[in-house]
Number of protein chains: 2
Amino acid sequence: MQGVLESRGASAGSGLTERQGAVLEQALRLLVDGGEKALTTAGVARAANCSKESLYKWFGDRDGLLSAMIGYQASKVRTLDVSAGALDAAGLRRHLVAFAKDLLDVLAGDVSLALNRLAIGQASREGSKLGHMLQERGRRQIGRRAGALLEAGRKARLLAFDDAEEAYGALYGLVVSDWHLRMLLGEEPGEMKKSFSRRAERAVDAFLTLYGKKE
Amino acid sequence: MQGVLESRGASAGSGLTERQGAVLEQALRLLVDGGEKALTTAGVARAANCSKESLYKWFGDRDGLLSAMIGYQASKVRTLDVSAGALDAAGLRRHLVAFAKDLLDVLAGDVSLALNRLAIGQASREGSKLGHMLQERGRRQIGRRAGALLEAGRKARLLAFDDAEEAYGALYGLVVSDWHLRMLLGEEPGEMKKSFSRRAERAVDAFLTLYGKKE
DNA sequence: TGCGAACCGTACCGTACGGTACTGATGGAG
DNA sequence: CTCCATCAGTACCGTACGGTACGGTTCGCA
């Protein structure tokens, strides 16, 4: 059905053709630049040089387009796994700091902020799966990387915790605090980004004070 | 101008009459129930039994209405100050736990979530002061209470920290972690609320491990 | 009793959006 | 060459919203 060569490339098995991916790229661009209000079907069609009819054929609905945008963006972000080699204390700290810095960078990204704003705006009315999708594809993903890292630290007798979820929650809170919310509310991230490194190190130090094994 | 008896009552000196406050109450109700999409001028007028013309006369604009809603809600929430009496370790912990629990309760409240969603949704386009207002009236307010509490703890030689802002950030992160974002994204707070007490105590214990003075 | 201000209810207007239908062009398959 | 599917571009429709204008009513005040 519908042609033999679909030339699906960057879609990561999402069932999307290259063309559709390019359209989603333009839609994300529009969303980042102008917010949800700028994300109209006519606008997407114009920006992507496609017809509205094709949009509805491919994504069925405006909500379908939004879901596809989240899925597409999530498929592009791949969480690199921690090298499972033997860890010493300095190596664990280095890995934790790298994780914290990556976390802050991801949360401060244009696309991440725009998609989170979109999902939060849609979260009021019932039946909107956007929030759930973002939660599942975003937090769970990065949570897995953190979980693996923490587990490796425990295996190496460098960390001590009973509930991995609680330890991860503490790490997340120490790293992020209320910065994510402030950026979502529109605070300019320009000045903040420069302090991410120092912030990540401080947070990891505090985390290790809480959960690091005292020799 | 406009009548001698304005009968301003619950407006806390915001220059609002009782009638206007009641209208804002209904507007908040609409926002909580149906999200921003349900917050139409006609809907507010119908719910509050007033005319659209009056709405525009009082608030000038739809954005003016939104700003007035935030200001009105902020004027209702008064942060009770900590009793400045002498603190012992147990008292400090009790105060911190109470603060943490209040913080979680406030963040999980219907109106708070709805207003945060509204401000975040408007944060994309430039010139929207809603995010700034919410930040100023919300976080700054509760941050002052926390700051006073931390300062009292330091005065009593129960806490040790150099940067009060950093200590407050750690406390906030340990208490809230990513729960606020999850609730903003639509996760049902029903199941979470029951664990707030335990969560607050755990977070305060961790905070005291980090910043409590070791005798 | 008459005046005037405020206000409710509603009708109205322009616009913009979601979604659909139609036309014409392209390009591959038989 | 012909047929057929896909798609771009555009016109179109119904609806809903922000904002304005108007008639009717209440109520304080002289």
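Chain letters run A, B, ... following the sequence lines, proteins first and then strands; every chain starts at 1.
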Between Tyr211(A) and Phe161(A), what is the ring plane arrangement, given parallel below 30°, perpendicular above 60°, and tilted in between?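 Ring orientation of Tyr211(A) relative to Phe161(A): perpendicular.
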
Beyond-backbone contact of Phe99(A) with Ile142(A), side-chain heavy atoms, under 4.5 angstrom: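 Phe99(A) reaches Ile142(A) side chain to side chain.
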
How long is the line joining [atom1] of [X] and [atom2] of [N], in whole Å?
| X | N | atom1 | atom2 | value |
| --- | --- | --- | --- | --- |
| Asn49(B) | dA6(C) | CG | C1' | 16 Å |
| Lys57(A) | dA8(D) | NZ | P | 11 Å |
| Trp58(A) | dG18(C) | CH2 | P | 17 Å |
| Lys52(B) | dC12(C) | NZ | P | 13 Å |
| Lys37(A) | dG18(C) | NZ | C1' | 15 Å |
| Tyr56(B) | dC12(C) | OH | P | 18 Å |

Heavy atoms under 4.0 Å, any strand shown: does Arg19(B) hit a base, just sugar-phosphate, or nothing?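 Sugar-phosphate only.
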
Classify the side-chain pair Tyr72(B)/Gln20(B) by whether it contains a donor and acceptor separated by less than 3.5 Å.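 Per modelled atom types, Tyr72(B) and Gln20(B) side chains form no pair under 3.5 Å.
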
Any side-chain donor paired with an acceptor under 3.5 Å for Gln122(B) and Glu36(B)?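 Yes, side-chain donor-acceptor contact under 3.5 Å.
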
Just compare dC7(C), dC17(D), dG18(C) and give me whichever is closest to any side-chain atom of Thr40(B).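 Minimum distance to the Thr40(B) side chain belongs to dC17(D).
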
